[in-house]
Amino acid sequence: MASDFSPIDFKEALNQEQYDAVTAPEGPALVLAGAGSGKTRTLTYRVAYLLSSGIQPNEILLLTFTNKAAKEMLERVEDLTGIPRHHLWGGTFHSIAQRILRTHGEAIGLKKNYNIIDESEAEDILKSSIAVVDPKFIKTKDNPKPKVIANLISYARNTRTEISDEAADRYPFIEGIGQKVEAFYKHYKKSKLSQQVTDYDDLLELLLVLFKENPEIAAIYQKRFKNILVDEFQDTNQLQSDIVDSFATAHQIMAVGDDAQCIYTWRGANYENIMGFTDRHPNAVIHKIETNYRSTPEILDFSNAILKAQPSGLHFSKELKAVKPSGEPPYFVPVMDTRNQAQFILKRIQGLIDEGFNYSDIAILYRAHYHSMDIQMELSRQNIEYQITSGVRFFEQAHIRDLTAQVRFASNPSDITAFKRFTGLLPRIGPKTSENLHKFTRTYAEKNTLNFCDALRSEVVLKKVPKDAQEEWESLSETIYELNQALETEKPDAIIRLAVDGWYSSFIREIYPNWTDREEDLISLIGFASRFDTIEELLAQLILLASETTERTGEERKHCLRLTTVHQAKGLEFPIVFIIGLADGLFPLKRTIDDGDIEEARRLFYVACTRAQKELYLCYPMLNQQGNNIMRLNPSRFIQEIDPSLFQTLKIAPNRAW
């Protein structure tokens with residue numbers, strides 16, 4: 001260690017729980033670091049402790065999920081010890097894998113100068129492979145597009161499941177899909193090797209292949225890394241877990257994570273990796289870090305109660321303990337509906353601003369993006385700046401604009417911009433082809449005194465459509481015609497329902513891996529449309545809301561209210577947190593209840609509540625309206641499970657100030 005750095009007083013710098021983990025003797029250890037307990041600090045000081053104990057920098061391997069996390073930790077280690085961070089082996093799973101493959105990849109046919117391709121480049125190679133193996137596959141309606149197949153293949157590779165089984169599970173209605181996707185993947189794999197390129201998943205898979213086929217190479221790293229530290233262990237998928245185990249054959253591992261914050265199984269994270277840690281690494285010592293520096297005792301009491309409702313034996317027991325002084329218990333806020341919810345939140349936010357808080361101190365969290373629709377509308381009306389962490393604003397999303405364009409055009413067939421938007425989704429139809437099709441159809445309709453939308457369905461127009469798009473065109477043109485006819489007699493919500501159920505509902509299943517989320521967004525528009533008397537009013541509002549810019553400078557973003565899904569909020573903290581849509585069917589989602597994935601949803605609620613530092617508001621809309629149907633909602637089961645003495649209920653009259 002550099003002579004100009006003073007020895008670290010670990011006892012002074014850490015609390016007792018952190019100190020015990022940081023100074024633990026070498027050997028397998030699982031550190032269960034609760035929300036807001038200083039997990040990163042613990043990991044950083046563990047590395048510094050090992051270095052100060054005489055372990056050499058290249059004998060430590062630190063695996064993280066993001067480059068940012070690795071950079072921050074290694075910079076802090078350098079500040080503490082004076083040892084340059086580039087002397088340490090620290091980084092993401094992918095960066096460590098590519099570093100080893102650069103040195104030893106030739107043993108499995110990978111030259112030192114291989115290139116790593118990005119997602120779009122990988123998709124292009126896969127598309128070419130599909131075209132070689134089955135030229136008709138991409139052109140056949142109802143078959144998933146290359147982007148969706150790429151997502152499916154990646155998921156199977158990361159979860160270490162059979163690609164053919166994954167494809168058959170997702171598309172049971174397509175005969176032989178499992179074998180076809182397997183064949184696509186085999187050709188894709190050969191193509192990459194011949195080009196000496198790898199995709200991101202290859203980096204991890206090929207590292208395991210390298211170690212398995214060359215035990216002498218594996219032994220170099222198994223002996224070198226006397227200490228292996230893994231961050232966010234609860235988020236590892238099976239592929240990453242297998243990599244960790246391939247390094248840690250002597251069980252020289254410390255895994256840091258929190259089973260209560262495992263919320264990414266839908267993208268491959270394996271909950272059993274953390275729960276089965278002691279089975280794979282016998283004699284592992286478990287350290288619990290439960291002192292929370294983030295939230296008030298009242299918020300922590302409520303959050304602890306969420307975990308107590310978990311089934312016994314399926315989780316590690318832990319209880320967060322507060323350092324902060326006492327505050328207000330969480331507020332449970334039943335409201336009439338989502339509009340009333342938005343009005344309450346904005347009135348309360350104004351009160352918080354009057355009390356001295358900044359907009360940037362406040363976050364609104366939700367389970368699904370469409371839950372924030374009314375709040376985004378209300379914020380726009382009141383000209384309050386806000387930032388969406390979980391993507392673009394609701395009405396700016398591509399699928400919302402695509403659907404809106406269809407309704408716009410059906411109500412005004414002269415709208416070439418709308419026509420170009422939805423016809424441009426079809427293969428081989430670009431802006432110029434769209435314009436030519438519109439011009440031809442208009443001329444044909446006028447010559448034959450036809451309704452423009454009726455003319456779109458004609459054989460004459462169909463023959464002008466590029467061959468690859470003709471099958472989709474028939475379904476699309478039928479939907480546009482039905483929308484056009486419905487405009488005369490139907491209310492806005494019925495028109496939107498027709499659009500949602502039409503051509504676009506099958507189209508999004510073919511092109512978007514996350515089509516279920518997008519479908520929920522579109523369905524939510526039906527209830528939104530029921531608030532308008534005419535389609536003109538609805539379209540005007542949709543266009544205005546979608547046209548607002550979300551461009552913000554770094555300085556402006558600092559002063560914005562934050563809107564985000566709970567998944568995107570993990571790792572963040574805010575003085576004030578509003579959690580919205582806390583009704584069964586919304587949080588947890590209906591499909592979560594139907595699929596029986598309640599435990600992950602409960603952990604997600606725990607993550608949401610533990611983001612709050614000072615005040616927590618839990619909003620429950622009692623009614624849900626879709627068209628003429630008004631449905632009574634029950635409070636979220638996650639609220640009903642908790643002792644009412646741990647929260648206070650606010651009764652809000654509709655449209656009345658808080």
Side-chain angles (χ1 to χ4, degrees), residues 15 17-18 31-43 65 69 231-235 256-264 269 271 274 288-310 315-332 361-367 389-390 562-582 587-588 598-619 636-639 641-643 646-648:
N15 67 33
E17 295 165 338
Q18 294 169 340
V31 179
L32 296 170
S37 66
K39 170 183 66 67
T40 302
R41 184 178 185 83
T42 302
L43 257 176
F65 272 84
D231 187 22
E232 301 285 12
F233 193 73
Q234 78 282 347
D235 292 337
V256 182
D258 182 4
D259 61 294
Q261 296 188 72
C262 179
I263 58 173
Y264 295 114
Y271 186 64
I274 192 166
K288 294 183 183 180
I289 304 179
E290 300 170 303
T291 303
N292 175 286
Y293 293 91
R294 177 183 296 159
S295 308
T296 63
E298 289 77 12
I299 291 172
L300 294 186
D301 287 344
F302 184 89
S303 301
N304 287 329
I306 299 170
L307 297 187
K308 284 175 183 169
Q310 293 177 296
H315 61 96
F316 291 107
S317 63
K318 69 181 73 64
E319 185 162 342
L320 297 176
K321 299 184 281 280
V323 169
K324 283 192 167 184
S326 189
E328 289 291 322
Y331 296 98
F332 176 58
D361 294 330
I362 304 167
I364 300 172
L365 310 184
Y366 36 84
R367 174 61 186 86
T389 304
S390 50
R562 187 78 67 93
L563 271 65
T564 176
T565 61
V566 182
H567 283 103
Q568 291 291 330
K570 186 172 176 286
L572 304 177
E573 59 185 24
F574 306 91
I576 313 293
V577 168
F578 293 86
I579 306 174
I580 64 173
L582 280 169
F587 199 151
I598 293 300
E599 290 316 306
E600 179 149 350
R602 182 182 280 112
R603 295 194 294 269
L604 192 65
F605 183 47
Y606 171 79
V607 168
C609 293
T610 53
R611 300 311 94 196
Q613 295 170 302
K614 294 183 177 179
E615 293 184 20
L616 175 63
Y617 296 83
L618 309 157
C619 300
S636 169
R637 62 192 62 197
F638 303 140
I639 298 283
E641 291 168 347
I642 292 174
D643 185 338
L646 296 177
F647 58 87
Q648 51 189 322

Report the distance from atom CG of Leu582 to atom CZ of Phe332, rounding to the nearest 0.5 Å.
7.5 Å
Let me see the working for His315 and Tyr271 under side chain to side chain contact (heavy atoms under 4.5 Å, CB included), right down to the final yes or no.
CA-CA 10 Å; His315 61 96; Tyr271 186 64; 3.7 Å; yes
Are the side chains of Ile639 and Phe302 in contact, using a 4.5 Å heavy-atom criterion?
yes
Just by distance, do the side chain of Asn15 and the backbone of Gln18 share a donor-acceptor pair under 3.5 Å?
yes
As an exercise, state the distance from CZ of Phe605 to CD1 of Ile306, rounded to the nearest 0.5 Å.
4.5 Å
Distance col, row Glu641:CD vs Ser636:OG, nearest 0.5 angstrom, shows 7.5 Å
Would you say NZ of Lys614 has more than 12 non-hydrogen atoms from neighbouring residues, nucleotides or ligands within 6.0 angstrom?
no
Please name all residues satisfying side chain to side chain donor-acceptor pair (under 3.5 Å) with Asp259, sequence neighbours left out, ordered by chain then number.
Lys318
Would you check if Ile299 and Val577 make a side-chain contact, meaning some heavy-atom pair closer than 4.5 Å?
no
Determine whether Tyr366 and Thr565 make a side-chain contact, defined as any pair of heavy atoms from C-beta on separated by less than 4.5 Å.
yes
Indicate the atoms forming the closest heavy-atom contact of Leu646 with Ala305, along with that distance.
CD1-CB, 3.7 Å
Between Glu298 and Ser326, is a side-chain hydrogen bond (donor to acceptor under 3.5 Å, both in side chains) present by the stated rule, with each step listed?
CA-CA 7 Å; Glu298 289 77 12; Ser326 189; 2.3 Å; yes
Just by distance, do the side chain of Glu615 and the backbone of Ile576 share a donor-acceptor pair under 3.5 Å?
no
Parallel, tilted or perpendicular, judged at 30° and 60°: which one describes the rings of Tyr264 and His567?
tilted
Is the shortest heavy-atom distance from the side chain of Lys39 to the side chain of Asp258 under 4.5 Å?
no
Taking all non-hydrogen atoms of both residues, which atom of Glu232 and which atom of Phe65 are closest, and how far apart?
O-CE1, 3.3 Å
Within the 4.5 Å heavy-atom criterion, are Thr42 and Ile289 side-chain neighbours or not?
yes
Is any side-chain heavy atom of Leu320 less than 4.5 Å from a side-chain heavy atom of Leu307?
no
Straight-line distance of Phe578 CZ to Leu618 CG, nearest 0.5 Å
10.5 Å
In terms of the angle between their ring planes, are Phe638 and Phe587 parallel, tilted or perpendicular, with boundaries placed at 30° and 60°?
perpendicular
Side-chain touch Glu319/Lys308, heavy atoms, less than 4.5 angstrom:
yes
Asp231 side-chain N/O to Thr40 backbone N/O, donor-acceptor pair under 3.5 Å:
no
Write down the atom of Ser295, the atom of Ala322, and the distance for their closest heavy-atom approach.
O-CB, 4.1 Å
Determine yes or no for a side-chain-to-main-chain donor-acceptor pair under 3.5 angstrom, with Lys324 supplying the side chain and Arg294 the backbone.
yes
Within the structure provided, determine whether Ile263 and Glu600 are in side-chain contact (heavy-atom separation under 4.5 Å).
yes
Take Glu17 and Lys288, measure what side chain to side chain contact (heavy atoms under 4.5 Å, CB included) needs, and give me the verdict at the end.
CA-CA 7 Å; Glu17 295 165 338; Lys288 294 183 183 180; over 6 Å; no
Distance from Leu365 atom CG to Arg611 atom CZ, nearest 0.5 Å?
9.0 Å
I'd like to know if Lys570 and Asp235 make a salt bridge, using a cut-off of under 4.0 Å between side-chain N and carboxylate O.
yes
Euclidean distance, Cys609 SG relative to Phe647 CZ, rounded to 0.5 Å:
11.0 Å
Under 6.0 Å from the six-membered ring centre of Tyr293 and within 45° of its axis: does the NZ or CZ of Arg41 meet both?
no
Any donor-acceptor N/O pair, Gln234 side chain to Gly257 backbone, under 3.5 Å
no
So which of Ile579, Thr296, Thr610 actually passes side chain to side chain contact (heavy atoms under 4.5 Å, CB included) with Leu616?
Ile579
Looking at Ala260 and Val607, what are the two nearest heavy atoms and their distance?
O-CG2, 4.3 Å
